[in-house]
Amino acid sequence: MTRRAPFIVIEGLDRSGKSTQTALLLQRMKATNIPAQLVKFPDRTTAIGQMINSYLQSDSDLDDRAIHLLFSANRWELASTIEQLLNSGISVVCDRYAFSGIAFSASKGLSYEWCRSPDISLPAPDLTLFLDISPEAAKERGGYGEERYEKEEMQRKVGEIFRRIGREISADGGKWVNIDAGREREAVAEEIWKWVEGVANGAVGPSRRLWTDKLPVDDS
Ligand code: DGP
């Protein structure tokens with residue numbers, strides 16, 4: 001069976017250093033001659049992404065379900081690009097993915113299962129690294145920014161839901177790693193590198209898809 005490149009997702013709470021760590025990882029992959037491409041969600045450059053951007057900056061208001069579906073649509077519009085990259089031997093490093101979708105929307109009170117539904121069948125990561133940080137440690141890093149979700153109580157709930165998703169992904173045989181992101185930048189980067197090296201040789205066969213066992217039974 002042909003080999004494809006691994007799909008790596010980095011998730012994290014706001015102020016966890018996620019974007020910095022993603023950039024460091026990409027640099028290190030390139031320096032080690034591992035071809036890799038960054039994909040960032042939300043991708044604010046597309047038409048859907050611009051609606052999301054305007055919502056996050058509180059320039060527009062949207063129903064909680066409507067914005068949830070836009071975030072999901074933003075992932076779907078890049079799903080085939082992700083698969084093409086993997087099949088052509090280029091690793092994809094994704095800054096946020098479907099797990100953010102569930103964690104942030106369910107924190108607002110939407111049902112966990114409802115939030116998961118539109119992301120069922122997206123390409124499944126081979127490795128998900130979750131950068132975990134307490135709201136107290138985030139505060140020490142200068143506190144949260146100006147965007148809509150950057151509030152302490154919200155981040156606490158988001159963290160709880162991320163950890164629940166991680167337990168479920170692991171129970172289903174997926175590779176999910178909780179990383180203590182409250183440490184020094186270099187220590188976090190080293191741990192991330194250790195996990196990435198473990199999958200860097202590529203995966204065999206087509207990528208799996210997320211949560212397909214949660215699809216309703218076809219009774220047609
Ligand atoms: P970032 O660009 O990584 O700072 O993400 C922007 C914000 O959007 C951040 O507070 C997390 C939130 N977010 C990211 N993905 C989703 C999603 O799929 N659904 C919801 N509701 N929020 C998301």
Side-chain angles (χ1 to χ4, degrees), residues 8-26 38-79 82 92-125 128-135 137-139 141-166 169 179 181 188 192 210-211:
I8 299 157
V9 166
I10 305 198
E11 289 279 12
L13 296 168
D14 290 318
R15 308 298 295 175
S16 63
K18 177 177 57 59
S19 296
T20 306
Q21 290 295 339
T22 306
L24 288 173
L25 173 61
L26 274 150
L38 170 68
V39 174
K40 178 167 169 44
F41 289 115
D43 176 350
R44 304 185 194 215
T45 65
T46 69
I48 294 170
Q50 281 164 26
M51 291 166 77
I52 295 172
N53 185 48
S54 150
Y55 171 84
L56 285 172
Q57 296 189 344
S58 300
D59 294 335
S60 66
D61 240 332
L62 279 171
D63 176 84
D64 287 344
R65 288 180 178 77
I67 186 65
H68 182 74
L69 295 174
L70 288 178
F71 271 109
S72 177
N74 189 229
R75 289 185 278 275
W76 276 110
E77 61 183 341
L78 284 170
I82 292 175
V92 173
V93 176
C94 211
D95 181 342
R96 288 199 192 282
Y97 198 49
F99 314 116
S100 280
I102 305 176
F104 282 87
S105 292
S107 296
K108 294 191 279 187
L110 297 181
S111 132
Y112 181 93
E113 279 77 17
W114 187 91
C115 292
R116 185 174 54 199
S117 303
D119 286 322
I120 290 177
S121 298
L122 277 172
T128 303
L129 301 162
F130 169 57
L131 304 193
D132 202 355
I133 187 165
S134 67
K139 207 179 246 173
R141 290 186 174 178
Y144 299 114
E146 297 293 312
E147 283 199 334
R148 190 178 281 264
Y149 296 139
E150 300 186 353
K151 316 243 169 6
E152 187 169 333
E153 191 41 39
M154 175 81 179
Q155 295 289 324
R156 201 177 295 281
K157 282 192 206 157
V158 169
E160 282 165 15
I161 300 172
F162 266 129
R163 286 176 217 109
R164 170 180 171 184
I165 299 168
I169 291 282
I179 303 234
V188 176
I192 290 177
L210 278 175
W211 301 307

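Just follow the structure's listing: the first ligand is 1, and inside any ligand the first atom is 1.
- The distance from ligand 1 to the heavy atoms of Leu56 drops below 4.0 Å at these ligand atoms: 6 (C), 7 (C), 8 (O).
- Between Phe104 and Phe162, the two ring planes are perpendicular [angle over 60°; tilted spans 30° to 60°].
- In this structure, Arg164 is positioned above the aromatic face of Tyr112, its NZ or CZ under 6.0 Å from the six-membered ring centre and within 45° of the axis.
- Protein heavy atom closest to atom 3 (O) of ligand 1, with residue, atom name and distance, is Arg96 NE, 2.7 Å.
- Applying the 4.0 Å criterion to heavy atoms of Tyr149 picks out, from ligand 1, the atoms 10 (O), 12 (C), 21 (N), 22 (N).
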(request) Using the side chain to side chain donor-acceptor pair (under 3.5 Å) rule, take Asp64 and Ser105 through it: C-alpha gap first, then chi angles, then the decisive distance, then the call. (result) CA-CA 7 Å; Asp64 287 344; Ser105 292; over 6 Å; no

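- In this structure, atom 11 (C) of ligand 1 lies nearest to the protein heavy atom Phe104 CZ, 3.3 Å.
- Nearest protein neighbour of atom 6 (C) of ligand 1, counting heavy atoms only, is Arg44 NH2, 3.4 Å.
- With a heavy-atom cut-off of 4.0 Å, Arg75 touches ligand 1 through its side chain alone.
- Taking 4.5 Å as the limit, every side-chain heavy atom of Leu131 sits out of range of all side-chain heavy atoms of Glu11.
- Annotation for Lys139: atom NZ does not count as buried by contact number, only 12 or fewer foreign heavy atoms lying within 6.0 Å.
- On a distance-only criterion, Tyr97 and ligand 1 share no N/O pair closer than 3.5 Å.
- An N or O contact shorter than 3.5 Å links Asp14 to ligand 1 by distance.
- For ligand 1 and Lys40, the ligand atoms under 4.0 Å from any heavy atom of the residue are 1 (P), 2 (O), 3 (O).
- When each of Lys151, Arg141, Arg96 is checked for a salt bridge (charged side-chain N to carboxylate O under 4.0 Å, His left out) with Asp14, only Arg96 meets the rule.
- A salt bridge is defined here as a Lys NZ or Arg NE, NH1 or NH2 lying under 4.0 Å from an Asp or Glu carboxylate O, and Asp132 with Arg163 meets this definition.
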